[in-house]
Novice: 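Next up is a structure, given as structure tokens.
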Amino acid sequence: MTIRVLAAGDHFVTNSLLIDALKREVPGELDIRELTLPWPVVPFGPVGEVKEASDVEDELIEALRDVEVCVTQMAPLTRRVLDASPALRLFCVSRGGPVNANLEAATEAGVAVTFAPGRNAVATAEHTLALLLAATRRVPQTHADLAGGVWRGDYYRYDMVGPELDGSTVGLVGYGAIGRRVSRMLEGFGAEVLVYDPYVDDVPGKVELAELLSRSRFVSLHARATPETTGMIGAAQIALMPAGSVLVNCARGALLDYDALCDALESGHLFGAALDVFPEEPIPAGSRLLTTPNLVMTPHLAGASKETAIKAARIVAADVARYVRGEALAHCANPSFATS
Ligand SMILES: NC(=O)c1ccc[n+]([C@@H]2O[C@H](COP(=O)([O-])OP(=O)(O)OC[C@H]3O[C@@H](n4cnc5c(N)ncnc54)[C@H](O)[C@@H]3O)[C@@H](O)[C@H]2O)c1
Ligand SMILES: O=C(O)[C@H](O)COP(=O)(O)O
């Protein structure tokens, strides 16, 4: 039996990556169609022109005609798309969460939704370390000095450079795929790692949040944005961090009070901070973040790498293979859904 599959790729997880992975992982005959989506479709962070999900629904509905399986990063699985696509049984999202799928509607329609946890853990962890070190070693500021023709000697003043990682305590808030990877990297730097994550057990260094904050010279956020984690690091929490500490957020803007962070950088309580994610993306013109001292920022790109895209395609294709073989799906997101 031939299964009709739609590869709905974009410029990150491309159709060619999705199709290569399907051909490698999935047994039997596939009839693969392709749709290339604009980047991004909401609700992903902005790169280039942002399209509303409703703008691509019509194209998607047309491409999904008689299609049983769809593999994609961005395609919006809305109630309207589901209603118009009765042949669809499996929708595989190559992201850390199936954020572009209406799970409730998909479950009602009998469509299994999968996702690709951990596919960007290495890229995000490496970027976290890059930002942490850039903020601590003042890399952007010293580069800007040099580019401006200034060779400053005062970086040899002890108060101008941050603490060494070796022998320092680093607090990780959130100990999932990325937090664990960062922890492994920090071992190589000789740092002591503390962890706050109420949902993991048996982790060496697990402490309560207040203890983590008050003992850590570096704090890095790696929890998902949930009602519980929203605003979890505000002025009171930053005040607990030792003077001269460094705070990094490569997780989600919602976790952190950015005004409180700017206050702590301006007062000098924090030595530095580094951010890859923001409450509003792109950062609006005139934002205080753009003029706050000792802040290193990148435009929500921590998870981006060629390897992330390849792993993402492989993870979703492996679940398509399980579906074809009638096995339980490894990363099924539907609550109380029969996964085989
Ligand atoms: N900047 C980027 O490009 C980028 C890329 C990938 C992921 N992310 C973000 O990084 C974060 C971590 O991603 P991940 O793949 O490791 O996710 P994950 O789901 O593997 O891990 C998240 C961890 O957060 C923990 N957690 C939940 N509630 C918590 C709480 N109240 N306090 C502390 N920890 C809590 C969970 O138990 C889990 O261990 C997410 O916010 C994700 O959206 C950002
Ligand atoms: O920020 C990304 O690449 C994204 O932040 C991915 O996040 P996700 O793991 O929630 O898809």
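Just so you know, ligand 1 is whichever comes first in the structure, and atom 1 is the first atom listed for that ligand. Worth saying up front: this structure is predicted, and the values here are computed from it rather than measured.
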Novice: Regarding R80 and D58, does a basic nitrogen lie under 4.0 Å from an acidic carboxylate oxygen?
Specialist: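 Salt bridge flag = yes for D58 with R80.
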
Novice: Before signing off on this row, confirm whether T226 and ligand 1 have an N or O atom pair separated by under 3.5 Å.
Specialist: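 It does not: no N or O of T226 is found under 3.5 Å from an N or O of ligand 1.
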
Novice: Any nitrogen or oxygen of G179, side chain or backbone, less than 3.5 Å from one on ligand 1?
Specialist: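 For ligand 1, there is no N or O atom that lies under 3.5 Å from one belonging to G179.
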
Novice: Taking only heavy atoms of V277, which atoms of ligand 1 are found under 4.0 Å from at least one of them?
Specialist: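 This gives 1 (N) as the contact atoms.
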
Novice: Can you find a heavy atom in the side chain of L17 that is under 4.5 Å from one in the side chain of K306?
Specialist: yes

Novice: Would you call R288 and D263 a salt bridge, using N to O less than 4.0 angstrom?
Specialist: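 A salt bridge links R288 with D263.
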
Novice: Which of the atoms in ligand 1, numbered in the order shown and given with their element, are less than 4.0 Å from a heavy-atom of R252?
Specialist: 8 (N), 9 (C), 41 (O), 43 (O), 44 (C)

Novice: Any salt bridge linking K23 with D20? Criterion: basic side-chain nitrogen under 4.0 Å from a carboxylate oxygen.
Specialist: no

Novice: Within ligand 1, which atoms have a heavy atom of M232 less than 4.0 Å away?
Specialist: 32 (N)

Novice: Does R119 pair with E307 as a salt bridge, N-O distance under 4.0 Å?
Specialist: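 Salt bridge: no.
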
Novice: Between ligand 1 and L301, is the shortest N or O to N or O distance under 3.5 Å?
Specialist: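 No - when backbone and side-chain N and O of L301 are compared with those of ligand 1, no distance drops under 3.5 Å.
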
Novice: Provide the number and element of each atom of ligand 1 under 4.0 Å from a heavy atom of A302.
Specialist: 1 (N), 2 (C), 3 (O)

Novice: Would G303 count as a polar contact of ligand 1, with the cut-off being nitrogen or oxygen pairs under 3.5 Å?
Specialist: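 It does: an N or O of G303 is found under 3.5 Å from an N or O of ligand 1.
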
Novice: Does any N or O atom in I178 lie less than 3.5 angstrom from one in ligand 1, N or O only?
Specialist: yes

Novice: Closer than 3.5 angstrom, by distance alone: can the side chain of T169 be matched with the main-chain N or O of S216 as a donor-acceptor pair?
Specialist: no

Novice: Yes or no on side chain to side chain contact (heavy atoms under 4.5 Å, CB included) for L77 and L88, after CA distance, side-chain angles and deciding distance?
Specialist: CA-CA 11 Å; L77 188 66; L88 191 64; 3.7 Å; yes

Novice: Hydrophobic clustering (ILVMFWY, side-chain heavy atoms < 4.5 Å, transitive) - are V195 and V246 grouped together?
Specialist: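 Cluster IDs for V246 and V195 match.
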
Novice: If you count the atoms of ligand 1 from 1 in the order shown, which ones are under 4.0 Å from a heavy atom of H300?
Specialist: 1 (N), 2 (C), 3 (O)

Novice: Given A177, A251, A225, G176, which one has a non-hydrogen atom that is nearest to atom 10 (O) of ligand 1?
Specialist: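 Minimum heavy-atom distance to atom 10 (O) of ligand 1 goes to A251.
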
Novice: Got a salt bridge between R181 and E126, using NZ or NE/NH1/NH2 to carboxylate O under 4.0 Å?
Specialist: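 Salt bridge: no.
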
Novice: May I ask you to check if ligand 1 and Y199 share an N or O to N or O distance below 3.5 Å?
Specialist: no

Novice: Report yes if C250 has an N/O atom closer than 3.5 Å to an N/O atom of ligand 1; otherwise report no.
Specialist: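 Yes; at least one N/O pair falls below 3.5 Å.
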
Novice: Would you check whether D197 has a nitrogen or oxygen atom less than 3.5 angstrom from a nitrogen or oxygen atom of ligand 1?
Specialist: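 Min N/O separation from ligand 1 is below 3.5 Å for D197.
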
